[in-house]
Participant: 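Let me give you the structure first, and then I'll get to my questions.
Quantities reported herein were computed from a predicted structural model and do not represent experimental measurements. Just the heavy atoms: all of them, side chains too, but no hydrogens, waters or symmetry mates, feed the values below.
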Amino acid sequence: DPGSGTTHGAANLDCNVCPFNQFSFKSSLDPCISCKGVSQEDLLCSGGNQTVVTYNFWVSAYDRYKELKSFYDIEQFNDASESDDKIVTVLCPPNYCCQSVYGCDYLSNYLLLPEPSWETIQFNSSQFNS
């Protein structure tokens with residue numbers, strides 16, 4: 001089920017609901033994606049497939065080839081190895097991205113929002129080098 005995954009380093013290959021600060025959007029035996037290092041003020045990972053993007057924030061993934069891709073398509077290969085995709089959150093200009101002061105659930109709300117153009121969002125390059 002979406003929201004379930006394997007636990008990195010576990011002795012058995014058991015598929016369980018992803019714990020707090022981890023998530024999974026797709027049904028697979030891949031590990032749960034860790035939100036370690038991402039501010040909960042930008043993105044709250046409540047476990048399972050529950051991720052809430054906070055007000056006026058945009059979320060995406062940054063892959064090992066240094067290319068941006070959809071957050072929905074994020075992959076984790078070895079739990080924080082150099083080949084893993086990184087989570088990127090950026091404060092958006094007013095009236096773009098999540099406009100709810102309560103945050104936007106990624107799967108039920110955020111995916112329905114129009115994607116802002118790359119030119120609209122000013123990226124801080126230091127976010128991609130961590």
Participant: If every non-hydrogen atom of Q99 is compared with every non-hydrogen atom of N56, which pair is closest and at what distance?
Facilitator: NE2-OD1, 2.7 Å
Participant: Which value, rounded to the nearest 0.5 Å, describes the distance between Q50 atom CD and C18 atom SG?
Facilitator: 11.0 Å
Participant: Same hydrophobic cluster for F57 and L68, using side-chain heavy-atom links shorter than 4.5 Å among ILVMFWY?
Facilitator: yes
Participant: Do L44 and W58 belong together in a cluster built from hydrophobic side chains that touch within less than 4.5 Å?
Facilitator: no
Participant: CG of N49 to OG of S108: how many Å apart, nearest 0.5 Å?
Facilitator: 9.0 Å
Participant: Assigning hydrophobic clusters by single linkage (Ile, Leu, Val, Met, Phe, Trp, Tyr; side-chain heavy-atom cutoff under 4.5 Å), is Y55 placed with L91?
Facilitator: no
Participant: Is the side chain of S34 donor-acceptor paired with the backbone N or O of Q22 at a distance under 3.5 Å, no angle test?
Facilitator: no
Participant: Work out which heavy atom in D85 is nearest to a heavy atom in D73; give both atom names and the distance.
Facilitator: OD2-O, 4.0 Å
Participant: Measure SG to SG for C98 and C92 and state whether it is below 2.5 Å.
Facilitator: no
Participant: Minimum heavy-atom separation for S70 to A61, with atom names?
Facilitator: O-CB, 3.9 Å
Participant: Check the pair F71 / I33 against side chain to side chain contact (heavy atoms under 4.5 Å, CB included), numbers first and verdict last.
Facilitator: CA-CA 11 Å; F71 183 53; I33 307 286; over 6 Å; no
Participant: Starting from Y106, can I reach I87 by hopping between I/L/V/M/F/W/Y residues whose side chains sit under 4.5 Å apart?
Facilitator: yes
Participant: Residues in ring pair (Phe, Tyr, Trp, His ring centres under 6.0 Å) with Y72, at least two apart?
Facilitator: F25
Participant: What's the spacing between F20 CZ and C32 SG if we round to 0.5 Å?
Facilitator: 14.0 Å
Participant: If we check side chain to side chain contact (heavy atoms under 4.5 Å, CB included) with L43, which of these qualifies: V52, T89, V88, T54?
Facilitator: T89
Participant: Kindly give the heavy-atom pair with the smallest separation between T51 and C45, and that separation in Å.
Facilitator: CG2-SG, 4.1 Å
Participant: State, with a plain yes or no, whether a side-chain heavy atom of Y62 is found less than 4.5 Å away from one of E67.
Facilitator: no
